[in-house]
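The structure under discussion appears below in the form of structure tokens.
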Amino acid sequence: MNEVFDRAGHAGSGAGDRLAPLCVLVVAPEPLAASIAEEVARGLTDIAEVVCADDVAAAGALAIAHPERVVPLVFMTASPVSLESSDSIDARIATLDAQPVLRRASVLLLTDRALHDDLSRSVDRDRLHAVIRIPCSPGVLAWHARAQAARWLSAHRPTDPRTLALVATDARPVAQPESDLLRLLELDTQEVATQLLAGIERVLGPRPRLVLPAGTRLIHEGVDVDAVLVVLRGRVALDHASAAGDLRLHHDSTGSVVGLLSLAQQQRAFFTARATTEVEVVHLSFEQLDRALSVDASLGAAMAAVSIRALAKRLRRADQLQVEKTQLNHALERERRQLSETLHQLEQARLELVEQARYATLGEMAAGIAHELNNPVAAMLRATTYVGEDLERVLASHPQGRLASEIFATERDRAPRTTREERAARRRLEAALGDLALAQRLFDAGIEDPDRARALAADPPSLDLVEAVAGIGSAVRNLEVASRRMCELVTSLRAYSRPKGEPVAGVDLHAGLEDTLRLMAHRLRDVEIQRSYGDLPAIRCHPGELEQLWTNLLVNAHDALGDGAEGHGRIELMTDAPDAGHVRVQIRDNGRGIDPDILPRVFEPRFTTKQGAVRYGLGLGLAIARRIVDAHGGAIELSSHPGCTRVTVTLPVAGPPEDEDIET
Amino acid sequence: MSTATARPRVNLPRLTLVQRLGLLLGLIAFLVPLLIEIPSLEPAGRRMLAIFLLAILFWVSEAIPLYATAVLVILLEVLMLSDQALVGVAGTLPPAASYFAALANPVIILFLGGFLIADGARKFGLDRSLAAVMLRPFAGNARLSLLGLMMITALLSMFVSNTATTATMFAVVIPILAALPKGRARTGVALAIPVAANVGGIGTPVGSPPNAIALGALEASGQGISFIGWMLLAVPLMVVVLLFAWWFLTRRYIAAETPLALELSADFDRSPAAVIFYLIAGATILLWLTEPFHGIASSTVGFLPVVALLATQVMGADDIKRLQWPVLWLVAGGIALGAGIGASGLDLWLIGLVAWEALPLTLLLLLLVGVSVGLSTVISHSAAANLLVPLTLSLAIGLPIDPTAVGVMVALACALGMALPISTPPNAIAYATGEVPTSEMIVSGVVIGGFGALLLALVMPSLWTALGLL
Amino acid sequence: MKLALLILEDERPVREALKRDLAAFARHLRIEEAEDVPTALEVIEEIDAAGDRLALVLADHRLPGTSGVDFLIDLAVDDRAFATRKVLVTGQADQDDTIRAINEAGLDRYVAKPWTADALRELVRDQLTEFVLAAGVDPLPHLAVLDAERALSIVGERGDL
């Protein structure tokens, strides 16, 4: 769409005064130019002056020399000015168009050639208004000149007196069509129909008018059409039955002739015509129409005009329908995309809900187990104490009770040592005793003093006793350690799964972090945990929710350390209070970091860095973390580069906003 | 597995004080006869004396492994006393090949056959199954069961090495031992097996290496004994010592009412290969026992199963590899030593050293048997035989007794040294089970060994003569 | 020369329980403990320096800083641990790690916590025997901690030296 000629912008421009001289250019070599000019001038007497130019360049020069002139028409011969010049007509018209005055003019090509292949650009740019074969009959050029001038003037200079003069001659903007058909086509539909009916009635005599109520079917879809109906009054709708229900193809008003198209094609009706108001129609059978047309040939034009009008109207309607359909399709596509987006979001939301439900179930189960375990664990812890106490009483009555009690107490209360220290102590005993197996045995019984060891080695019954009570001592110690650990776990579990409700005030954030760490101890065993806790005010929050938050973040950090972490993994926990109203927790790991490409998406639900595998705390872990933080009115941020991924959670001391209720 | 794996490290053993001493003294003893003029001893004799002293000290101290001393003896003989000697001496020396030939001595071949049959018996589980079958008649009474156990052990030990017999019997008996109350009964059973294995070993030429060494030495001096001939000489002693041992052990350790249930299930392999093996082994033993009728030498018979088992592929290259080559080399070393002593004239010099004729024969025999039992108590039986057999055979030349009797007596006496865990591998196994305190082993070893030795020195020569076996 | 058994376990009660269940072996077996990998390496060095042989390692799966599996993999190429039997004692069966232990460390056995004393002793006896057979160690001095039947079968092959 280069160089599309824009006519609208030129109306009234250029020589704007009403009586600017009109000048018709004839671009042709002498002497042809003169004869053409003479012919043309004959058609434009009193309207425009005719000026000749040898070639387009000269025409341009003329236009520059006389800027006041208005040039409505340019006649241009096809044959080149000189034999050397091989300019195509496209090129020549382009040259003309270099002048604004000429660009506005209509171009009429005079040619003696039978075939042209050098007009494509001009046609494409709408710069060719007529092609006239020369030589032509006398007066043809004059007629062309006049008709084109009138058309140009009424389009470009509607107020010009010369335009008025031209139009006034015929009382029309353009020359009255001379053919019946074109004349009839200019009438309005009803008029043509009336004329047609009048013509028919002239042949067949008066036709009765039929008055039909609304809803009457005039033509039946799928039935052979053997008559037409001329609608004189009222409205008729054309409906087509389709799989999608009745389709309204068209709604016609007075003046239409119904059934004409089907009649023309001699086939069954494609639609049902139905009166939508009361209608007055004339019924004409195929035979009647045929007779009328055969008797009065002039009726043919009326018939054709009616048909063309009907077709044109219907075609416009069809085009319009096509456009509407396209628009509708666009709208549909848009809605479809919106729908699928919505569906996707719904699915995400559902997954999140499922995960939340899982957490909730886990929480309930944990609470249940914690409750069930609480009593046995408490009993165990007590029982270990009782065993110790009772043993002391039993030993009191033993002949070597003092020794046994002492050994028992030592072994029970033995502080943990590293295996390295223990080995060193054992080596000392081995060196002192010389007998490795005996030293081992004595050492296991808690005897490290060489003298005492030697004494015991010489007294097998005492050694047996010592071994036995030492065994009980360490068993009691291990029992106690184990049950205490279980106790702590149970306590943590209960805190973790505390049913939600109103936010709790006065919560110590560090206690919650420590509870979470304890619960996760089995997963974090191979990770070094560094704590740097600052002074934090007690905050108001949902403690269980926050523990889930810490769990998710720690699991994430741990998994990031999981594979490929060089050396040993380290997780740092840092807390501080950036201002009086907020507390801040940072969790930093030295894992492989998060790929910058996926960093922006880590808080999206179901995103995971582990090949789509949804695992505990993964995939939705960070999404849920963010939801919890959001619900507390806090903020969560994540930054990452290899070797350092940091999650920062900021929470308001005042706790969640009052009206907010987090749903878990 | 990953591409890189750990390599086994060959750790050189740390020598004990005895070993180091033995090494040093051995070298000194080796040098002394070479450097110091010994009257009435030819240079060849001096060289042989040097080798012999070295062998004594190395075998007694185990400064280097027994089989290493054996091959060292052969090498030294080749280098010093053969036609390829580094420094020649006056007179003719035997060809080097004659020393190397000790490794293929007919006695070695006989042993090869015995080993292959023993290995086959284990491979097809024949030893265990036989033990199970033969124990059945003795079930019910603890003391009788023990007698059965000892007889079976001895019988197996006649054809299978004492060590393998003991290992097999312990594998069978350890679960039974575990069912016994801890204490003397366990000790008794655990002692019975090595005693029976050691005593049983004297029954046939292939029963234990000392027999082969004596046999080889006798054959070298042209006084060969047939397989059945050896059995006639040795089995009576074996049976009597065995019965005495049973009597002693049951009286000392096994109360009559001990709940000893020696019931084992026999599971004979009936595969074609096993059947072929049974046939070949049976035929071989039959041919050994019937030598006087067909006259085929026992060593030739011993080679038959080697050929037959390998040709039928009942046994293969792996089985050959598993043969107890160190034992064969040790025996070969003893044979080479004996040959060297004879060839170098050292034997004559040794006879002249002491006026043996002045001593009563009975005392002499007691001394001989006593030294043999004593030495074999503290060193390996085979090593003791290696040292004593050539020596005593030299002495026997000048004694009014058949040298065959002397050679057999020394070999049998070497089997009776079993008072210490280190005396024999069977004793070591029994000790390793943890059921036998060293003190008990000494007591039973001294009593049973002493009884055997007295019997051997005082009764056997007259018995042999009376039976016309010599 | 003694056979040595190494218990690599970071929790003291578990370590003590393992040791106590194996107390019957202590007379004939050198039992060493380590709570982490560096200590374990020291122990191995000591065992080697004393001329003893590391026959069996009972390693926990999870250890501070590293996994028992990594330790076993390193051990597989350690000459001081030639033919050493490797047993994983664990309460948490991580499939990936177990596969790695079997493929790369030549893991021999897997003991799930909690264990039973008899089964553990049976396993240790069995593994020690395997070690003795594979390493060519004279089984007689260690017969008390071995499967006597299998151990004696190689003794029987020696012959009467």
Side-chain angles (χ1 to χ4, degrees), chain B residues 1-9 11 13-14 65-67 111 115 118-119 122 127 157 160-175 177-178 197-198 201 207-210 322-328 330 380-383 415 421 424-426 428-429 431-434, chain C residues 1 24-25 27-28 44 48-54 70 72-86 100-108 125 129 131-132 134-161:
Chain B
M1 289 292 278
S2 51
T3 47
T5 47
R7 254 177 312 117
R9 279 195 296 184
N11 285 326
R14 287 177 209 167
L66 300 174
Y67 45 86
F111 247 57
F115 283 175
D119 283 355
R122 207 176 41 191
D127 45 1
S157 179
V160 177
S161 81
N162 302 351
T163 311
T165 308
T166 313
T168 303
M169 294 314 290
F170 265 115
V172 169
V173 161
I174 280 181
L177 279 182
N198 288 331
S208 65
R322 271 206 298 273
L323 288 177
Q324 297 139 24
W325 293 105
V327 176
L328 295 178
L330 182 58
S380 148
H381 288 185
S382 311
T424 72
I429 294 174
Y431 179 72
T433 61
Chain C
M1 189 269 275
F25 291 164
R27 271 179 64 86
H28 306 274
I44 292 175
D48 192 54
D52 294 342
R53 294 289 295 270
L54 179 62
D70 289 330
L72 293 181
I73 288 173
D74 290 343
L75 205 62
V77 294
D78 193 329
D79 286 350
R80 296 172 301 185
F82 170 72
T84 296
R85 307 298 287 182
K86 305 173 193 77
R100 229 155 54 82
I102 291 171
N103 289 347
E104 293 174 39
L107 185 73
D108 296 298
R125 188 178 289 280
T129 310
F131 170 79
V132 164
V137 171
D138 179 6
L140 279 185
H142 319 292
L143 202 58
V145 294
L146 302 178
D147 173 0
E149 187 168 346
R150 275 193 295 158
L152 283 176
S153 77
I154 57 167
V155 175
E157 283 181 17
R158 280 205 222 138
D160 304 333
L161 268 178

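Chain A is the first sequence line, chain B the second, and so forth, proteins listed ahead of strands; every chain is numbered from 1. This is a predicted model, so every value here is computed, not measured.
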Quiz prompt | Contact check, side chains of V155(C) and T163(B), non-hydrogen atoms, under 4.5 Å | solution = yes
Quiz prompt | Exam field: side chain N198(B) to backbone A415(B), donor-acceptor pair closer than 3.5 Å | solution = no
Quiz item: Do L75(C) and I44(C) touch side chain to side chain, with heavy atoms closer than 4.5 Å?
Solution: yes
Exercise. Let me know if R80(C) has heavy atoms under 4.5 Å from chain B in its side chain, its backbone, both or neither.
Key: both
Quiz prompt | V327(B) side chain near F115(B) side chain, heavy-atom distance below 4.5 Å | solution = yes
Exercise. Hey, could you give me the OG1/CD1 distance between T166(B) and I429(B), rounded to the nearest 0.5 Å?
Key: 5.0 Å
Practice problem: Determine the option with the most heavy-atom pairs under 4.5 angstrom with chain C, choosing from R14(B), R122(B), H381(B), R322(B). | Solution: R122(B)
Quiz prompt | Engaged part of T84(C) at the chain B interface, taking heavy atoms whose separation is under 4.5 Å | solution = neither
Self-check item: Part of residues 135-147 of chain C lying next to chain B, heavy-atom separation under 4.5 Å
Solution: L140(C), L143(C), A144(C)
Quiz item: CZ of F25(C): more than 12 outside heavy atoms within 6.0 angstrom?
Solution: yes
Quiz item: Quick one: of R158(C), E157(C), E149(C), who has the most non-hydrogen atom pairs under 4.5 Å with chain B?
Solution: E157(C)
Quiz item: Which atoms of I174(B) come close to chain C, meaning under 4.5 Å heavy atom to heavy atom: side chain ones, backbone ones, both, or neither?
Solution: side chain
Quiz prompt | T168(B) versus chain C, the contacting section by heavy-atom distance below 4.5 Å | solution = neither
Practice problem: Measure distances from Y67(B) to the heavy atoms of chain C and classify the residue's part below 4.5 Å as side chain, backbone, both or neither. | Solution: side chain
Exercise. Below 4.5 Å from any heavy atom of chain C, which atoms of S208(B) appear? Answer side chain, backbone, both or neither.
Key: both
Quiz item: Under a 4.5 Å heavy-atom cutoff, which of L66(B), L323(B), N162(B) has the most pairs with chain C?
Solution: N162(B)
